[in-house]
K.L.:
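The structure that follows is given in the form of structure tokens.
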Amino acid sequence: MSTFDEDLFLKGLEQRKATLGAEYVERSLEAADDFTRPFQEAMTAWCWGFGWGDEVIPPKTRSMMNLAMLGALGKMHEWELHCRGAINNGVSPEEIRAIIHVVGIYCGVPQALECFRAAKKVLSEERG
């Protein structure tokens, strides 16, 4: 019995590319091997197809939620990636700053500083 859902994967792939960029997503999938491919496929279907695939919450709002949650968890590699995605989904630098302020209030100043470091890197690349 296969747990792979082709339709959910394709829906997720479209949303994942729209948020994170087609080049990044294609590189991730191409780099997958027999060991990591099942996870890449499942994550694309589950996170991006199921989690992001409905129209209840707009992508911009989902991106803002992700920045807050990833910041709270201290997952800075993913935070930086999703900061780029948030910009792609229309989140402004001012909104990113406000999200970091909330991270600082609820998770501490050191974590907010980490988020600011990552955001400044991403924003300078965007201007660059």
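Note that the structure is predicted; figures quoted are calculated from it, not measured. Each residue takes its place number in the sequence, starting with 1.
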K.L.:
Do Leu123 and Leu70 share a hydrophobic cluster, counting only Ile, Leu, Val, Met, Phe, Trp and Tyr and linking them when any side-chain heavy atoms are less than 4.5 Å apart?
P.N.:
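Yes, because Leu123 and Leu70 connect within a single hydrophobic cluster, where side-chain heavy atoms sit under 4.5 Å apart.
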K.L.:
Is there side-chain contact between His101 and Phe116, with heavy atoms separated by less than 4.5 Å?
P.N.:
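Of all side-chain heavy-atom pairs linking Phe116 with His101, at least one is under 4.5 Å.
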K.L.:
Which heavy atom of Ile96 sits nearest to which heavy atom of Ala119, and what is that distance?
P.N.:
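Shortest heavy-atom contact: CG2-CB, 4.1 Å.
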K.L.:
Salt bridge or not for Lys17 and Glu26, using N-O below 4.0 Å?
P.N.:
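The answer is yes: the pair qualifies as a salt bridge.
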K.L.:
Could you state whether Val56 and Met64 fall into the same hydrophobic cluster, counting links through intermediate Ile, Leu, Val, Met, Phe, Trp or Tyr residues with side-chain heavy atoms under 4.5 angstrom apart?
P.N.:
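Different hydrophobic clusters.
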K.L.:
May I ask you to decide if Gly71's main-chain N or O and Gln111's side chain share a donor-acceptor pair within less than 3.5 Å?
P.N.:
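Yes, the answer is positive, given that a donor and an acceptor are paired below the 3.5 Å cut-off.
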K.L.:
Indicate the atoms forming the closest heavy-atom contact of Val103 with Ala112, along with that distance.
P.N.:
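The answer is CG1-N, 4.4 Å.
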K.L.:
Can you check side chain to side chain donor-acceptor pair (under 3.5 Å) on Thr36 and Asp33, steps first, answer last?
P.N.:
CA-CA 5 Å; Thr36 61; Asp33 55 21; 3.2 Å; yes
K.L.:
Return the CG to CD1 distance between Leu67 and Ile99, rounded to the nearest 0.5 Å.
P.N.:
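It is 5.0 Å, given to the nearest 0.5 Å.
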K.L.:
How about CD on Glu14, more than 12 heavy atoms from neighbouring residues, nucleotides or ligands closer than 6.0 Å, or not?
P.N.:
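It does not: Glu14 CD has 12 such atoms or fewer within range.
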K.L.:
Please say yes or no: joined through hydrophobic side-chain contacts below 4.5 Å, possibly via intermediate residues, are Val91 and Leu20 part of one cluster?
P.N.:
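No, because Val91 and Leu20 fall into different hydrophobic clusters, even though each may have its own neighbours under 4.5 Å.
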K.L.:
Please confirm whether the backbone N or O of Gly12 pairs with a side-chain atom of Gln15, one donor and one acceptor, at under 3.5 Å?
P.N.:
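A pair under 3.5 Å: no.
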K.L.:
Return the minimal non-hydrogen interatomic distance between Lys60 and Gly90, and the atom names on each side.
P.N.:
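In this case the closest contact between Lys60 and Gly90 is CE-O, 3.4 Å.
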K.L.:
Looking at every non-hydrogen atom in both residues, tell me the closest pair between Ile57 and Arg62 and how far apart they are.
P.N.:
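The pair with the smallest heavy-atom distance is O-NE, 3.0 Å.
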K.L.:
Is there a path of hydrophobic side-chain contacts, each under 4.5 Å between heavy atoms, that joins Leu10 and Phe39?
P.N.:
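Linked, Leu10 and Phe39 end up in one cluster.
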K.L.:
Can you get from Tyr106 to Trp79 by hopping between Ile, Leu, Val, Met, Phe, Trp and Tyr side chains that sit under 4.5 Å apart?
P.N.:
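Hydrophobic grouping puts Tyr106 apart from Trp79.
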K.L.:
Do we see a donor-acceptor contact under 3.5 Å between the side chains of Thr19 and Asn89?
P.N.:
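Yes - a donor-acceptor pair under 3.5 Å links their side chains.
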K.L.:
So, for Lys121 and Ser124, which heavy atoms are closest and what is the spacing to 0.1 Å?
P.N.:
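It is O-OG, 2.9 Å.
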K.L.:
Nearest 0.5 Å, what's the CG-CD distance between Asp5 and Glu41?
P.N.:
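Rounded to the nearest 0.5 Å, the CG-CD separation comes to 12.0 Å.
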K.L.:
Please indicate whether Glu94 has more than 12 foreign heavy atoms, meaning atoms of other residues, nucleotides or ligands, lying under 6.0 Å from its CD.
P.N.:
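Enclosed.
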K.L.:
Any sub-3.5 Å donor-acceptor pair from Lys11's side-chain atoms to Gly53's backbone N or O?
P.N.:
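Checking the backbone N and O of Gly53 against the side chain of Lys11, a donor-acceptor pair under 3.5 Å is found.
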K.L.:
Any carboxylate oxygen within less than 4.0 angstrom of a Lys/Arg side-chain nitrogen, looking at Arg84 and Glu125?
P.N.:
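Looking at Arg84 and Glu125, the cut-off is met.
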K.L.:
With rounding to the nearest 0.5 angstrom, report the CG to SG distance, Asn66 to Cys83.
P.N.:
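If I round to the nearest 0.5 Å, the distance is 11.5 Å.
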K.L.:
Under 3.5 Å, is there a donor-acceptor pair between the side chain of Arg37 and the main chain of Ala32?
P.N.:
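Indeed, once roles are kept as given, a pair shorter than 3.5 Å links the two residues.
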